[in-house]
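Comments concern the structure below.
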Amino acid sequence: MADQYSTEASQAHMVDLTSRVGVVVIGRNEGQRLIKCLESLAPSDCPIIYVDSASTDGSPAAAQSRGAIVHPLDLGKPFTAARARNEGFAKLKDVDSDVTYVLFVDGDCEVEPDWIATAARFLNENINVAAVCGRRKERFPDASIYNQLCDREWNTPIGESAACGGDVLMRVDSFEAAGGYDSTMIAGEEPELCGRLRDQGLKIWRIDAPMTVHDAAMLHFRQWWLRAVRSGFGYAQVWATSRSTSDPLYGREIFRALFWALALPLGGLIAGLFNPIFWLLLPVIYLVQICRMAIRSGPGQIISWQAALLMMVGKFGELAGIFRFAKRTLQKQQGGTIFYK
């Protein structure tokens, strides 16, 4: 009888925690992926805000029919995921001003059944943690090499972390105190916000619990390339924003892109004008680096070699993104996100 009472009390406590959670879903033309996302959230009975970025596939109607409150972004302003999340959060507070935690989730992700309760309990028990994320995995990792690489990318270490991704449960008061996401960020808005949260003495944590199932739907090289361009833009933008802080972000990533995609090839080509052997040496250097990365990941696996090659090619995409950011900054232009789907 005592065990039964304890179980019932524990379940009641979990229900109470879940009732303090609101959800913000963002998406653009996610179609069936969005439907799966919303259906996975239905059992939680949490208020759900769906922020739509000019979808043309009927996503707003699909979301509304599944109980979500739809908030379309104003077409007159540049689209960014950060802006979508901020506006979704503001709408959530209008709907329920008493929410304690907010779950941000991308519309191409299905939320695992126990995630909301597990994450809410973790934040409830760890008052110095502002944001918690869990394990994200790809729905179709074998559909393409690009999906496989995304699946690898999500597998980050468990424990205290420097940043979270797009899927995260946050404390509402911490999110508000930090000022939310920087709506101008094209990419990297999550690490930038997490940096400000950590500056306030708060922690970001990744727990060993299933969180979301992601559908990257990345089947073509062009998608991988655009994602690399967006990453490079994000690296530069976040670094420019955080460079004056005690912990500037993405300096190492920018240096690597500049070295491998600009300094090395340009230096090799110029040196070859004086001695043609440098033109022969240049591809050897790239080959050695690709082999080094593949061996470090596991030389017996084909994916290690594919990943190493794509990571090297991706440096040129990142450089293009860095240049795009520099151009926008110099010309004082505004722009929206870089879509790869």
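Listed for the W115 side chain is no donor-acceptor partner under 3.5 Å among the backbone atoms of A209. Between the side chain of D96 and the main chain of D98, a donor-acceptor pair closer than 3.5 Å is present. The closest donor-acceptor contact from the side chain of R152 to the backbone of Q148 lies at 3.5 Å or more, if one exists at all. Remark: side-chain polar atoms of Q237 are paired, donor with acceptor, to backbone N or O of T184 under 3.5 angstrom. R196 places a side-chain N or O within donor-acceptor distance of the main-chain N or O of G180, the cut-off being under 3.5 Å. A donor-acceptor distance shorter than 3.5 angstrom exists from the side chain of W279 to the backbone of L269, with no hydrogens or angles considered. At distances below 3.5 Å, at least one donor-acceptor pair connects side-chain atoms of Q223 with backbone N or O atoms of A217. Between the N126 side chain and the F122 main chain, a donor and an acceptor come within less than 3.5 Å of each other. A donor-acceptor pair under 3.5 Å is formed between the side chain of N147 and the backbone N or O of F140. Using modelled atom types, no side-chain atom of S304 and backbone atom of G300 make a donor-acceptor pair closer than 3.5 Å.
Closest of all the heavy-atom pairs between E138 and C150 is OE2-CB, 3.8 Å. Closest non-hydrogen pair, S55 versus P60, comes out as CB-CD, 4.2 Å. Between G31 and S59, the shortest heavy-atom contact is N-OG, 3.8 Å. Of all non-hydrogen atoms in Y250 and G234, the two that sit nearest each other are CD1-O, 4.3 Å. For the pair E190 and C164, the tightest heavy-atom approach, listed with the atom from each and the gap, is CB-O, 3.3 Å. Closest of all the heavy-atom pairs between S174 and L197 is O-CD2, 3.6 Å.
Note that the CZ atom of R20 and the CZ atom of R171 stand 9.0 Å from one another [nearest 0.5 Å]. Here M218 contributes atom CE and I145 contributes atom CD1; the two are 11.5 Å apart, rounded to the nearest 0.5 Å. Here OG of S40 is found 12.0 Å from CD1 of I35. Values are rounded to the nearest 0.5 Å. Taking CG of D74 as the reference point, atom OG of S53 lies at 11.5 Å (rounded to 0.5 Å). Considering NZ of K315 and CG of L262, their distance stands at 14.0 Å, rounded to 0.5 Å. Put simply, CG on L34 and CG on D57 are 8.0 Å apart, with the number rounded to the nearest 0.5 Å.
Using a 4.0 Å cut-off between charged nitrogen and carboxylate oxygen, R135 and D208 count as a salt-bridge pair. Look at E176 and K93 and you find a salt bridge, because one of the NZ, NE, NH1 or NH2 atoms lies within 4.0 Å of a carboxylate O, short of that distance. Under the 4.0 Å criterion applied to side-chain N and carboxylate O atoms, E87 and K91 are not assigned as salt-bridge partners. Salt bridge status for R324 with E318: absent, with no side-chain N to carboxylate O gap under 4.0 Å. Ion pair R85/D106 flagged as a salt bridge, since at least one NZ, NE, NH1 or NH2 atom sits closer than 4.0 Å to an Asp/Glu carboxylate oxygen. Between D167 and R136 there is a salt bridge, since at least one side-chain N of the basic residue sits less than 4.0 Å from a carboxylate O of the acidic one.
Considering only heavy atoms from C-beta on, V313 comes within 4.5 Å of F221 through its side chain. Taking 4.5 Å as the limit, every side-chain heavy atom of I116 sits out of range of all side-chain heavy atoms of Y101. Side-chain contact between V105 and V111 is present, with at least one heavy-atom pair separated by less than 4.5 Å. The closest side-chain heavy-atom distance from I207 to T118 is below 4.5 Å. I204 has its side chain within reach of R198: a pair of non-hydrogen atoms, C-beta onward, lies under 4.5 Å apart. Considering only heavy atoms from C-beta on, I69 comes within 4.5 Å of V95 through its side chain. Using a 4.5 Å heavy-atom threshold, the side chains of V25 and I49 count as separate. In this structure, the side chains of Y146 and L310 come closer than 4.5 Å at one or more pairs of heavy atoms.
Below 30°, between 30° and 60°, or above 60°: for F325 and F233 the angle between ring planes is above 60°, a perpendicular geometry. Ring-plane geometry between F104 and Y181 is classed as perpendicular, the angle between the planes exceeding 60 degrees on a 0 to 90 degree scale with a lower cut at 30. Between H214 and W154, the ring planes lie perpendicular to each other; the angle is over 60°, past the 30° to 60° tilted range.
Remark: the N86 side chain and the S183 side chain contain an N/O donor-acceptor pair separated by less than 3.5 Å. Side chains of R206 and T156: a donor-acceptor N/O pair is present below 3.5 angstrom, by distance only.
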Q. Would D182 and L193 satisfy side-chain contact (heavy atoms from CB on, under 4.5 Å), going step by step from the backbone distance to the final call?
A. CA-CA 7 Å; D182 183 338; L193 170 59; over 6 Å; no
**Q.** Worked verdict on M211 versus C133 for side-chain contact (heavy atoms from CB on, under 4.5 Å)
**A.** CA-CA 7 Å; M211 178 179 64; C133 54; 3.9 Å; yes
Q.
For a side-chain contact (heavy atoms from CB on, under 4.5 Å) check, start with the C-alpha distance between R66 and Y50, then their side-chain angles and the critical distance, and finish with the verdict.
A. CA-CA 11 Å; R66 285 163 177 79; Y50 168 62; over 6 Å; no
**Q.** Check against side-chain contact (heavy atoms from CB on, under 4.5 Å), L123 and L169
**A.** CA-CA 9 Å; L123 289 183; L169 188 72; 3.8 Å; yes
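Within a 6.0 Å sphere centred on CZ of F259, heavy atoms belonging to other residues, nucleotides or ligands number more than 12. For L273, the CG atom is densely surrounded, since the number of other residues' heavy atoms within 6.0 Å is greater than 12. For D45, the CG atom is loosely surrounded, since the number of other residues' heavy atoms within 6.0 Å does not exceed 12. Within 6.0 Å of CD on E153 lie more than 12 heavy atoms contributed by other residues, nucleotides or ligands.
In the hydrophobic clustering of this structure, F316 groups with W224; members are Ile, Leu, Val, Met, Phe, Trp, Tyr whose side-chain heavy atoms approach within less than 4.5 Å, directly or through other members. Cluster annotation: L149 and I295 are assigned to distinct hydrophobic clusters (Ile/Leu/Val/Met/Phe/Trp/Tyr, side-chain heavy-atom contacts under 4.5 Å, transitive). Hydrophobic cluster membership differs between M170 and M185, with clusters built from Ile, Leu, Val, Met, Phe, Trp and Tyr side chains linked at under 4.5 angstrom. Residue L282 is not grouped with residue L319 when hydrophobic side chains (ILVMFWY) are merged at heavy-atom distances under 4.5 angstrom, including chains of intermediate members. The cluster map of Ile, Leu, Val, Met, Phe, Trp and Tyr, joined by side-chain heavy atoms under 4.5 Å apart, puts Y286 and L280 in different clusters.
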